[in-house]
2 protein chains.
Amino acid sequence: MKYVEKLRNSGLRPTKQRLQICEVLFNTDKTFHFTINELEQKIKKQANNKISLATVYNTVHAFEKKGYLKQIPINSSETYFDTNVTDHHHFYDLKEEKLIDLENSDVGPINILKKINGKKIKSVEVLVKLED
Amino acid sequence: MKYVEKLRNSGLRPTKQRLQICEVLFNTDKTFHFTINELEQKIKKQANNKISLATVYNTVHAFEKKGYLKQIPINSSETYFDTNVTDHHHFYDLKEEKLIDLENSDVGPINILKKINGKKIKSVEVLVKLED
DNA sequence: ACACTTTTTTAGAATCATTATAAACTACAA
DNA sequence: TTGTAGTTTATAATGATTCTAAAAAAGTGT
Ligand SMILES: [Mn+2]
Ligand SMILES: [Mn+2]
Ligand SMILES: [Zn+2]
Ligand SMILES: [Zn+2]
């Protein structure tokens with residue numbers, strides 16, 4: 001398996017469930033956005049077997065902590081995750097409740113002039129809300 | 001009362017509870033960020049009487065709909081609101097779990113180059129996460 | 001003031017995403 | 001193989017938010 005090493009190098013045991021989730025999340029050219037429930041559906045369909053919801057949560061959080069996933073700051077009833085962990089921004093279509101990637105080149109450089117004493121900037125994310 | 005008109009003009013009856021919440025939210029020079037529970041505490045303290053939690057939720061959502069409050073897109077266990085309804089951005093101090101305003105001049109103009117067919121930009125918000 | 005309608009408040013219940021629990025299972029190294 | 005730490009799982013608990021339906025308050029007309 002191509003993800004065994006990746007997991008081992010992260011200090012995560014390459015379990016059947018984690019490898020399965022890796023397949024669903026990373027075995028594609030395109031990156032995408034998802035909620036836990038969408039991911040659960042995808043697993044059931046694509047892998048044709050069920051992984052406990054608790055494990056899906058655990059794994060997503062583990063991957064997030066390792067930097068393989070990003071959480072997207074948005075106010076929705078469900079939390080959105082992103083397999084695109086590069087610095088980038090988002091459109092949020094309020095009607096469709098869908099996220100769309102904005103490349104850095106679509107936004108241009110953002111220069112934060114204000115400084116807070118003793119704090120470092122960890123990320124700069126732009127959310128562009130869309131309506132009809 | 002100074003808020004009676006404001007409420008009437010919005011089609012909201014100026015009830016004791018709404019006026020009280022107006023006092024807490026708007027009777028100050030400084031704008032601020034809050035969660036529903038922080039607001040409830042503030043009411044209990046400042047007005048020395050209790051408003052039902054359901055009413056606090058109802059009122060905050062009514063004020064949001066009328067444009068007197070803004071919801072801040074952030075991933076937190078509680079939803080954050082802002083009495084500053086002008087276009088502006090935020091620092092989010094991950095350690096303290098506190099929001100700090102960024103004026104537009106602290107960020108500079110943001111030009112979204114990508115267009116989505118049939119969709120209009122409703123808002124452009126920058127969230128800058130801070131760590132130690 | 002009174003009667004009537006509509007809006008609002010309220011306590012408590014329901015919802016639902018997420019997290020905690022703790023027992024069974026598994027990876028892995030000695 | 002055996003021991004141990006890590007993982008999975010079903011299920012329960014949590015907690016923010018929303019819903020419900022009855023009581024109270026506000027507005028309107030007389
Ligand atoms: Mn997380
Ligand atoms: Mn709202
Ligand atoms: Zn993205
Ligand atoms: Zn603000």
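Within every chain, numbering begins at 1; the chains are lettered A, B, ... in the order of the sequence lines, protein sequences first and strands thereafter. Just the heavy atoms: all of them, side chains too, but no hydrogens, waters or symmetry mates, feed the values below.
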Looking at the side chain of [X], which of [options] is the nearest nucleotide?
| X | options | answer |
| --- | --- | --- |
| A:Arg13 | D:dT8, D:dA5, C:dT6 | D:dA5 |
| A:Pro14 | C:dA17, C:dC28, D:dA16 | C:dC28 |
| A:Thr59 | C:dT19, D:dT8, C:dT10 | D:dT8 |
| A:Ser52 | D:dT7, C:dA17, D:dT9 | D:dT9 |
| B:Ala54 | D:dT9, C:dT8, C:dA11 | C:dA11 |
| B:Thr15 | C:dT8, D:dA10, D:dA16 | C:dT8 |
| B:Leu53 | C:dT9, C:dA27, D:dT17 | D:dT17 |

Between [X] and [Y], does any side-chain donor sit less than 3.5 Å from a side-chain acceptor?
| X | Y | result |
| --- | --- | --- |
| B:Asn84 | B:Thr86 | yes |
| A:His90 | A:Asp101 | yes |
| A:Tyr68 | A:Ser10 | yes |

Under 4.0 Å: is that the gap between some side-chain N or O of [X] and OP1 or OP2 of [N]?
| X | N | answer |
| --- | --- | --- |
| B:Tyr57 | D:dT17 | yes |
| B:Lys50 | C:dT9 | no |
| B:Gln17 | C:dT10 | yes |
| A:Thr79 | C:dT18 | yes |
| A:Ser77 | C:dC16 | no |
| B:His61 | D:dT18 | yes |
| A:Arg8 | C:dC28 | yes |

### Task
Using a strict 4.0 Å threshold on nitrogen-to-oxygen distance, state whether A:Glu125 and B:Lys129 make a salt bridge.
yes
### Task
Using a 4.0 Å heavy-atom cut-off across all strands, classify B:Thr55 as base, sugar-phosphate, or nothing.
base
### Query
Do you know the tightest heavy-atom contact between A:Phe63 and A:Arg18?
CZ-O, 4.2 Å
In this structure, how many angstroms lie between the [atom2] atom of [N] and the [atom1] atom of [X], rounded?
| X | N | atom1 | atom2 | result |
| --- | --- | --- | --- | --- |
| B:Glu97 | D:dA16 | CD | C1' | 15 Å |
| B:Phe63 | C:dT8 | CZ | P | 11 Å |
| B:Lys65 | C:dT7 | NZ | P | 14 Å |
| A:Glu40 | C:dA17 | CD | C1' | 12 Å |
| B:Leu7 | D:dA25 | CG | C1' | 15 Å |
| B:Arg18 | D:dG27 | CZ | C1' | 13 Å |
| A:Gln41 | C:dA17 | CD | C1' | 15 Å |
| A:Glu5 | C:dA27 | CD | P | 16 Å |

### ILVMFWY cluster, A:Leu12 and A:Ile43 together (side-chain gap under 4.5 Å)
yes
### Task
Between A:Leu12 and B:Asn37, name the one whose nearest nucleotide on DNA chain D is closer to the 5' end.
A:Leu12
